[in-house]
Amino acid sequence: MATKESTNGSNGSNGTNGECKITRPPPTPSPLRFSKFFQANLRILVTGGAGFIGSHLVDKLMENEKNEVIVADNYFTGSKDNLKKWIGHPRFELIRHDVTEPLLVEVDQIYHLACPASPIFYKYNPVKTIKTNVMGTMNMLGLAKRVGARILLTSTSEVYGDPLEHPQTEEYWGNVNPIGVRSCYDEGKRVAETLMFDYHRQHGIEIRIARIFNTYGPRMNIDDGRVVSNFIAQALRDEPLTVQKPGTQTRSFCYVADMVDGLIKLMEGPSTGPINLGNPGEFTMLELAENVKELINPEVELKMVENTPDDPRQRKPNITKAKEILNWEPKITLREGLPLMEEDFRQRLGIPISAMKDTTRRWVYRIIIISLNRHRGGSI
Ligand SMILES: NC(=O)c1ccc[n+]([C@@H]2O[C@H](COP(=O)([O-])OP(=O)(O)OC[C@H]3O[C@@H](n4cnc5c(N)ncnc54)[C@H](O)[C@@H]3O)[C@@H](O)[C@H]2O)c1
Ligand SMILES: O=c1ccn([C@@H]2O[C@H](COP(=O)(O)OP(=O)(O)O[C@H]3OC[C@@H](O)[C@H](O)[C@H]3O)[C@@H](O)[C@H]2O)c(=O)[nH]1
């Protein structure tokens, strides 16, 4: 939980991309934040909390009995289903709200995740996507300013565009097409980062910025369109895995439980960021397809299909800062994470394990799932 000392810790902090001098003292936090008598809990707003990463974050935050969690979500890509175990809980509230409109709630921390993240969804209504990133972030910063809350933005590795530096450090300014079909998301997040730092410098708002690299895990939308969910759903449905050309493009995949730990450490830690959060294990899309085939359905075929414009050719985080500043690094490898996601997809698709071609290998994976579940206290 944030203390008064750590709350003010960002006052003299440096941004990673240069000196960050605050021109005004920070706003006074809400008296509720430190009240001993009426409000012992930390009130945390999670925008986009009904989505994939957001709902896992809510699960983790709710484990702490000192936390009260409020989710604001417009359900564009998220679902109440992801939060069903918390609905009705006395420390939990769910609000249907679009972050492009202002929101007034007394909170101490804001995890600002609201934004469609899959390319097919963020390209569906690009004007809305950029509004969500720009107006949504301004509204949440306005709220942070008003109530003196600390705010964390989930930015993205997409701010590096099609990177010419590899792996990507936080100092790299990126190679982004400002007028392409991905720009509503990439440039939207870049403006959101700018707004965060301007509010920090001008109004003394306590900010945290996470640059998240590709994250996967249970509860991704089955037809989300992102590569890991596509390949797993295709493997389970016995459909060819659609590898977009050339197939040699790379990504680094982080399991969602690791990501949530990193986000909470960043929120509670001393640094504004931006800090890269991701798993440095790098795979080509052909390698990912081969892994899914081997682990989930050895009979499935690979099919090369056309790619979309401006697809980044390589991506891998340098996580030195996360290790040094947050003492964070991912623990779950891709080959451990894929079976955990398979289990969730299998249940939601209604495909029992017996319906698949049964091999000894499948039993090995089940044992991995059970032992990882035990290790993580049963929460996937
Ligand atoms: N998953 C990844 O690989 C990844 C990588 C980099 C960054 N991120 C960032 O993390 C955040 C969460 O991503 P995710 O993968 O969970 O995506 P997601 O699509 O599952 O979740 C996004 C949530 O935001 C909600 N939302 C969208 N627009 C909104 C609006 N205008 N008002 C209120 N709610 C709105 C959606 O309904 C959904 O619940 C996003 O900000 C995304 O940009 C994710
Ligand atoms: O079926 C598919 C889908 C995608 N792909 C490829 O897989 C790679 C990854 O594509 P995804 O759509 O999963 O995700 P991207 O890496 O393009 O963007 C992602 O990264 C940063 C985040 O902010 C975004 O949330 C997320 O969309 C791309 O090279 C794409 O061409 C396939 O080969 N087959």
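In each ligand, atom 1 is the first atom listed, and ligand 1 is the first ligand listed. Every value quoted in this text rests on a predicted model; they were computed, and no experiment measured them. Side chains are part of it too, since the values below use all heavy atoms of this structure and drop only hydrogens, waters and symmetry mates.
The salt bridge (Lys or Arg N to Asp or Glu O under 4.0 Å) check on Arg146 picks up nothing, with sequence neighbours excluded.
Closest heavy-atom approach to atom 27 (O) of ligand 2 among the candidates Ser118, Ala117, Ser155: Ala117. Closest heavy-atom approach to atom 14 (O) of ligand 2 within the set Thr248, Asn214, Thr154: this belongs to Asn214. Distances from atom 16 (O) of ligand 2 to the heavy atoms of Glu306, Arg211, Arg251 put Arg251 nearest. With Tyr185, Phe121, Phe213 as candidates, the residue nearest to atom 8 (N) of ligand 1 on a non-hydrogen basis is Tyr185. Among Glu158, Met220, Gln314, Gln244, the residue whose heavy atom lies closest to atom 3 (C) of ligand 2 is Gln244. Of the candidates Leu288, Thr242, Ile53, Thr242 brings a heavy atom nearest to atom 2 (C) of ligand 2.
Polar contact with ligand 2: absent for Ile212 (N/O pair, distance under 3.5 Å). Distances between N or O atoms of Arg226 and those of ligand 1 include at least one value under 3.5 Å. Ligand 1 has a nitrogen or oxygen under 3.5 angstrom from a nitrogen or oxygen of Asn74. Residue Asp311 places at least one N or O, backbone or side chain, under 3.5 Å from an N or O of ligand 2. For ligand 1, the polar-atom distance check finds an N/O of Phe52 within less than 3.5 Å of one of the ligand's N/O atoms.
By the criterion of a heavy-atom distance under 4.0 Å, the backbone of Ser155, and not its side chain, is placed next to ligand 1.
Using the six-membered ring where Trp is involved, Phe283 and Phe253 have ring planes that are tilted, between 30° and 60° apart.
Ligand 2 has Arg182 within reach: a non-hydrogen atom of the residue lies less than 4.0 Å from it.
The protein non-hydrogen atom at the shortest distance from atom 8 (C) of ligand 2 is Met285 SD, 3.7 Å.
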